[in-house]
Participant: 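What follows is a structure written as structure tokens; I'll ask about it next.
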Amino acid sequence: MAGKYKTKQQIAIINCLKDYGKNYVTVLDIEKYLKEKNCSVGITTIYRHLDRLEQDGVVARINVGKQQGACYQYVMEDESDNCFYIECEKCGQVSKMECHHLSELYSHVNSDHHFSINPKKTVFYGKCDRCAK
């Protein structure tokens, strides 16, 4: 995203995502955050900025099963392509994971099956430790 024009609204959205850290957020969460910071940004503008930020690789967009609409998370600059998400089918908790073993899978699928996986949109479903007990 270096060298691209940044508006105050875009910077405010990025700051919101950074403040949420590793947690994912919805557009409504972002709108509420911005209102609390006295930054007036409409929903359409938030979506437009998020789309642009996702294209630039600054934001990851995921669909969470129990959450209506897409969720967004800031992508750290040093984040590897070995990341993926896990979602508990019982409690709905979503966590970002990093595992070097996945790069082997991504490489295999790419070379043997001619398909390139987008790791930032990969979600595995199962049960977390707490819900599995």
Side-chain angles (χ1 to χ4, degrees):
M1 200 165 122
K4 292 194 178 195
Y5 179 73
K6 295 181 189 172
T7 66
K8 288 181 184 179
Q9 295 169 332
Q10 185 180 40
I11 292 168
I13 292 168
I14 291 171
N15 288 337
C16 170
L17 293 165
K18 285 181 178 179
D19 283 353
Y20 272 87
K22 292 188 176 197
N23 298 316
Y24 61 86
V25 343
T26 66
V27 170
L28 295 178
D29 293 331
I30 294 169
E31 180 188 40
K32 180 181 175 189
Y33 173 96
L34 296 175
K35 280 183 182 177
E36 289 172 357
K37 300 286 184 183
N38 295 319
C39 182
S40 178
V41 182
I43 292 282
T44 304
T45 302
I46 294 171
Y47 275 111
R48 188 173 57 248
H49 281 296
L50 288 170
D51 285 345
R52 215 171 281 141
L53 291 168
E54 181 185 9
Q55 289 172 0
D56 293 342
V58 176
V59 170
R61 177 179 180 254
I62 61 169
N63 292 310
V64 179
K66 294 187 178 198
Q67 182 70 45
Q68 187 175 2
C71 295
Y72 299 87
Q73 185 177 54
Y74 181 73
V75 175
M76 305 296 177
E77 289 183 31
D78 60 346
E79 196 168 286
S80 76
D81 281 341
N82 296 325
C83 72
F84 60 97
Y85 294 89
I86 56 172
E87 179 179 346
C88 179
E89 295 171 306
K90 188 170 182 181
C91 71
Q93 168 141 0
V94 176
S95 301
K96 183 186 284 184
M97 301 288 291
E98 285 196 41
C99 179
H100 70 279
H101 293 290
L102 240 47
S103 64
E104 298 168 19
L105 173 66
Y106 297 154
S107 178
H108 164 77
V109 171
N110 191 327
S111 64
D112 290 10
H113 304 284
H114 312 291
F115 188 83
S116 180
I117 295 173
N118 180 347
K120 292 182 176 62
K121 290 192 174 194
T122 302
V123 180
F124 290 100
Y125 298 91
K127 288 189 180 165
C128 67
D129 284 344
R130 196 174 60 226
C131 293
K133 292 179 183 176

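The residues of the chain are indexed from 1 along the displayed sequence.
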Participant: Step by step, would you call T122 with Y106 a side chain to side chain contact (heavy atoms under 4.5 Å, CB included)?
Facilitator: CA-CA 11 Å; T122 302; Y106 297 154; 4.0 Å; yes
Participant: If you define the side chain from C-beta out and look only at heavy atoms, does anything of I62 sit under 4.5 Å from E87?
Facilitator: no
Participant: Flag yes if I11 and I14 sit in one hydrophobic cluster, no otherwise; membership is Ile, Leu, Val, Met, Phe, Trp, Tyr, and two members link when side-chain heavy atoms are under 4.5 Å apart.
Facilitator: no
Participant: Nearest 0.5 Å please: distance from the SG atom of C39 over to the CD1 atom of I30.
Facilitator: 11.5 Å
Participant: Say you draw a straight line from CG of L102 to CZ of F124; how long is it, rounded to the nearest 0.5 Å?
Facilitator: 5.0 Å
Participant: By ring pair (Phe, Tyr, Trp, His ring centres under 6.0 Å), which residues pair with F115, not counting sequence neighbours?
Facilitator: none
Participant: Compare every heavy atom of G57 with every heavy atom of V75, then report the nearest pair and how far apart it is.
Facilitator: CB-O, 3.6 Å
Participant: At their closest point, which heavy atom of C131 faces which heavy atom of K127, and how far apart are they?
Facilitator: O-CD, 4.4 Å
Participant: Take L50 and R61 through the test side chain to side chain contact (heavy atoms under 4.5 Å, CB included) and record every step on the way to the result.
Facilitator: CA-CA 9 Å; L50 288 170; R61 177 179 180 254; over 6 Å; no
Participant: Can you tell me how far apart SG (C128) and CD1 (I86) are? Round to the nearest 0.5 Å.
Facilitator: 8.5 Å
Participant: Roughly how far, to the nearest 0.5 Å, is CZ of F84 from CD1 of I117?
Facilitator: 11.5 Å
Participant: Nearest 0.5 Å, what's the CG-CD distance between L17 and Q73?
Facilitator: 9.0 Å
Participant: Regarding T26 and D29, is there a side-chain donor-to-acceptor distance under 3.5 Å anywhere?
Facilitator: yes
Participant: How many angstroms lie between atom CG of L53 and atom CZ of R48, to the nearest 0.5 angstrom?
Facilitator: 11.5 Å
Participant: Y47, V59: one ILVMFWY side-chain cluster at the under-4.5 Å cut-off?
Facilitator: yes
Participant: In terms of relative ring orientation, are Y33 and Y20 parallel, tilted or perpendicular, with 30° and 60° separating the classes?
Facilitator: tilted
Participant: Heavy-atom count around D129 CG within 6.0 Å, excluding the residue itself: above 12?
Facilitator: no
